[in-house]
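Worth knowing before you read on, the calculation uses all heavy atoms, side chains too, and leaves out hydrogens, waters and symmetry mates. Proteins get letters first, then strands, A, B, ... in listed order; numbering begins at 1 in each.
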Amino acid sequence: MLLIKPAGFLNLSWEQRRKLTGLLFVTPTVAFVTVFFIIPLLMTIFMSFHDWPLFGERAFTGLENYQELSKDRQYLKSLDFTFRYTALVTPPIFILGFILASLVRRNIRYIGIFRTIFFLPVVIGLGVSSLLWVWMLDDRIGVFNKILLDLNLVPKAQLFLGRPNTAMNVIILSVVWKTVGFTMILLLAGLQAIPDELYESAEVDGAGYFRKLLYITLPLMRRFIALALILSVIGSVLSFDQFYIMTRGGPRNSTISIVFWIFNNSFTYFKMGYGAAMSIVLLGILVALTGLQLYVLRERE
Amino acid sequence: MTAPVIEAQAERTQQEIRRLRRRALLWLRYLVLIILALLFLFPIAWSFINSIKLPAEALAAPPTYLPSEISLDNYEELTTYGKIGIAQHVYNSTVVALITVLGSIVLSTLGGYGFARFSFPGKNVLFIMVLSTLMIPFQSILIPLFVMIVQVDLHDTLFGLALVYITFQLPFGIFLMRNSFLAVPHEIEESALLDGCGSLSILYRLMLRLVLPGIVTVAIYAFINSWNEFLAALIFMSDQDKFTLPVFLTTIRYGIWGDVNWGALQAGVIVSIIPSLGIFLALQRYYMDGLMGGAVKN
């Protein structure tokens, strides 16, 4: 009792000291986020209204950059390409991710090893995995052509990355390999959250695999599905490494993503104001997607 | 035979059939799993196999399936590759990764503790500000970051790149560490507070041990993400001596040093895969904690 009294007496100044201490603890973090996130964000907006070369005079140009965007054919092509890529890469990642998650769901023996193996490529950088795949896909020394030729499945070596259609397909293949483990783990968490009793009682009622899938599995894990889909879509919209490394944007500039085109304008041609305007558009797309994510995740509570 | 006996027998056969079916399905599941696992492992295994071929054989068109002779020459070639050899680039990547890990741990721990355990004016606003940066993809702020880093002469420095990477890690790190601190019961701290310990010494002597799993998770993500990152490293480093590993390997692929040396490239791929795979395999549990925590972060 005696010990607590003085503490109570000092309460006011002690509380204030606590407040100050708390503020001091978060200051470095808040400073970092302000300097490296908030200010750059505001600067992107500011720069997008300027003609901003790396060196030399910059000039206020108002909405000129944005007007130029609507006339920039490569930019529109990049937008179109990025969305097409996203639309094509998302279903295989999701479907294979779901199949893998279903396969590794039950805790049978050695299942941990399989989960780990399917997840391994996620830990490898996308840049490095692209370097690996571009070599496997090479027409002369690539292993895919070797196997296809040995099995007589193709008459002659294929230039997989040399034609727009096949380039898209093989890049999708490489990205599915690299990222499907992530989707698998998310969906696995969703599957494991469904109580077994539900399936058992459905089986008693005579429900088959597809009925259980349709009426139990899919509805009950819809926020995991939504999360997996949205994260996968966000990743695809922001993709750069695979195109920069595997096709260098070719053939005939057919695989230049939005981020790639921003990169080219800002860091090759050093039209940084113009790049900033494109970044704002990209940011708008991403904020809309994240907003959708927040909305979907909120529903559950 | 009477009816009940026949029924019992039918029942037994039925059970037997069901058991056999379940067993067959299990074996089928393993078969599918093994085939898929081999397909998933193939690219990494193939890269490794080629990295230990003789350099000439690694360049053979069409390729050989198995090395005629095992050799480390591809790795040796890497040590003198380009202008300076791979050692410098491994060093660059390592230094950047270590600064990123250290910075992320310190800032996330301090911030996480502050947000979890103290109340002060503006706390919620600041916390939402930090978290909202999770919505901003770093790709969209690279241009001003570049302008700023050039302005303060930190471009082409490992430290400058690490600063950028620390920032990318912070929102996730703070969120994770705040949750770690929130999970620690209040009583533990209160008794220490009554004993007259200062906040910093409570954090250092008492709390750090309790939130260690969170710290390990932050460290793993900081390491793997900075080790693998490509776009920012490509933009912020123009001096070849400062290239991180992925950027250096890309210069091999683009044939900047003459013909593309695929054998050396695959040796480089293996060198850059090993640290992240090793850390992941050793600390998988912490990695998965972060994945689930991060994915349902909002």
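Proximity of a side-chain donor or acceptor of R140(A) to a complementary backbone N or O of A60(B) within less than 3.5 Å is not detected. Checked by atom type and distance alone, the side chain of R117(B) never pairs as donor or acceptor with a backbone atom of G22(A) at under 3.5 Å. The backbone N or O of V123(A) sits less than 3.5 Å from a side-chain atom of N228(B), completing a donor-acceptor pair. A donor-acceptor pair is defined here as one N or O able to donate and one able to accept, closer than 3.5 Å; no such pair exists between the side chain of R18(A) and the backbone of S119(B). R29(B) contributes a side-chain N or O that, together with a main-chain N or O of L103(A), makes up a donor-acceptor pair within less than 3.5 Å.
Interface remark: V30(A) contributes backbone and side-chain atoms alike to the contact with chain B (heavy atom separation under 4.5 Å). Using a 4.5 Å cut-off between heavy atoms, L33(B) touches chain A through backbone and side chain atoms alike. Heavy atoms of P121(A) lying under 4.5 Å from chain B belong exclusively to its side chain. Contact annotation for D138(A): only side-chain heavy atoms (C-beta onward) come within less than 4.5 Å of a heavy atom of chain B. Looking at D150(A), only its side chain comes within 4.5 Å of chain B, counting heavy atoms on both sides. Contact of M272(A) with chain B is made through backbone and side chain together, with heavy-atom distances under 4.5 Å. Neither the backbone nor the side chain of L289(A) has a heavy atom closer than 4.5 Å to any heavy atom of chain B. Both the backbone and the side chain of I34(B) come within less than 4.5 Å of a heavy atom in chain A. At a 4.5 Å heavy-atom cutoff, T268(A) makes no contact with chain B through either its backbone or its side chain. Neither the backbone nor the side chain of V247(B) comes within contact range of chain A, judged by heavy atoms closer than 4.5 Å. Proximity to chain A (any heavy atom under 4.5 Å) is shown, for L245(B), by neither the backbone nor the side chain. For Y287(B), the part sitting under 4.5 Å from any heavy atom of chain A is the side chain, from C-beta outward, and nothing else.
Considering only heavy-atom pairs separated by less than 4.5 Å from chain B, the leading option among V134(A), T27(A), L132(A), L42(A) is L132(A). Per-residue heavy-atom pair counts under 4.5 Å with chain A were compared for P43(B), S132(B), G173(B), A37(B), and the maximum is reached by P43(B). Counting heavy-atom pairs closer than 4.5 Å to chain B, the top-ranked of the candidates Y110(A), F240(A), W177(A) is W177(A). When F114(A), F46(A), W135(A) are compared by the number of non-hydrogen pairs under 4.5 Å with chain B, W135(A) comes out ahead. Most heavy-atom pairs under 4.5 Å with chain A, from the set S276(B), P171(B), G122(B), G268(B): that is S276(B). For the set R109(A), R106(A), M278(A), the count of heavy-atom pairs under 4.5 angstrom toward chain B peaks at R109(A). No other option in I224(B), L142(B), I235(B), I149(B) has as many heavy-atom pairs under 4.5 Å with chain A as I235(B). Heavy-atom pairs under 4.5 Å with chain A peak, among P144(B), G114(B), P62(B), at P144(B). Note: V143(A) leads T44(A), L100(A), T21(A), V143(A) in heavy-atom pairs under 4.5 Å with chain B. Of the residues considered (V104(A), V259(A), I258(A), I108(A)), I108(A) shows the highest number of contacts with chain B, using heavy-atom pairs under 4.5 Å.
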Give the C-alpha distance, both sets of side-chain angles, the deciding distance and a yes or no for side chain to side chain contact (heavy atoms under 4.5 Å, CB included) between I141(B) and F36(A).
CA-CA 9 Å; I141(B) 55 167; F36(A) 289 100; over 6 Å; no
For M148(B) and V35(A): C-alpha separation, side-chain torsions, deciding distance, then whether side chain to side chain contact (heavy atoms under 4.5 Å, CB included) applies.
CA-CA 10 Å; M148(B) 283 164 60; V35(A) 171; 3.9 Å; yes
Take L281(B) and L120(A), measure what side chain to side chain contact (heavy atoms under 4.5 Å, CB included) needs, and give me the verdict at the end.
CA-CA 9 Å; L281(B) 289 174; L120(A) 274 190; 4.1 Å; yes
I'd like to know whether F119(A) forms a side chain to side chain contact (heavy atoms under 4.5 Å, CB included) with F40(B), so could you lay out the CA-CA distance, the side-chain angles of the two residues, the decisive distance to 0.1 Å, and finally the verdict.
CA-CA 9 Å; F119(A) 192 81; F40(B) 269 78; over 6 Å; no
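Figure legend: K19(A) and F118(B) shown without cation-pi pairing, the cationic atom not lying both under 6.0 angstrom from the six-membered ring centre and within 45 degrees of its axis.
Within residues 105-112 of chain B, the residues having any heavy atom under 4.5 Å from a heavy atom of chain A are, by residue number, L107(B), L110(B), G111(B).
The heavy-atom pair separating L291(B) from I185(A) by the smallest distance is CD2-CG2, 3.1 Å. Listed here is the closest heavy atom pair of F37(A) and I136(B): CE2-O, 3.8 Å. When all heavy atoms of P63(B) and G142(A) are compared, the closest pair comes out as CG-O, 3.8 Å. A pairwise comparison of heavy atoms in I141(A) and A61(B) identifies CG2-CB, 3.7 Å as the closest pair. The two residues V33(A) and M129(B) come nearest to each other via the heavy atoms CG1-CE, 4.2 Å. Residues P137(B) and L286(A) share a closest heavy-atom pair of CG-CG, 3.7 Å.
Separating the CG atom in L238(A) from the CD atom in Q139(B) is a distance of 4.5 Å, to the nearest 0.5 Å. Between atom CE of residue M43(A) and atom CG of residue L145(B) there is a gap of 8.5 Å, rounded to the nearest 0.5 Å. For the atom pair CG of L188(A) and CE of M288(B), the computed distance is 9.5 Å after rounding to the nearest 0.5 Å. We find the OG-CZ distance between S104(B) and F32(A) to be 8.5 Å, quoted to the nearest 0.5 Å.
Taking the six-membered ring where the residue is Trp, F25(A) and Y113(B) present perpendicular rings, their angle passing 60° and hence far from 30°. Using cut-offs of 30° and 60° for the angle between ring planes, the F146(B) and F267(A) rings count as perpendicular.
No side-chain heavy atom of L20(A) sits under 4.5 Å from any side-chain heavy atom of F120(B). Annotation: side chain of I147(A) is in contact with side chain of Y65(B) (closest heavy-atom distance under 4.5 Å). The shortest side-chain heavy-atom distance between F118(A) and L41(B) does not fall under the 4.5 Å cut-off. By the 4.5 Å heavy-atom criterion applied to side chains, I143(B) and W52(A) are not counted as neighbours. A heavy-atom distance below 4.5 Å is not found between the side chains of F127(B) and T29(A). Counting only heavy atoms from C-beta outward, the side chains of M136(A) and W46(B) approach each other to under 4.5 Å. V147(B) is listed as a side-chain neighbour of M47(A), based on a closest heavy-atom distance under 4.5 Å. In this structure, the side chains of L36(B) and I117(A) stay at 4.5 Å or more apart for every pair of heavy atoms.
The residue from V281(A), L283(A), I262(A) that alone fulfils the side-chain contact (heavy atoms from CB on, under 4.5 Å) condition with S140(B) is L283(A). For the ring pair (Phe, Tyr, Trp, His ring centres under 6.0 Å) with F230(B), the lone residue among F243(A), F263(A), Y244(A) that qualifies is Y244(A).
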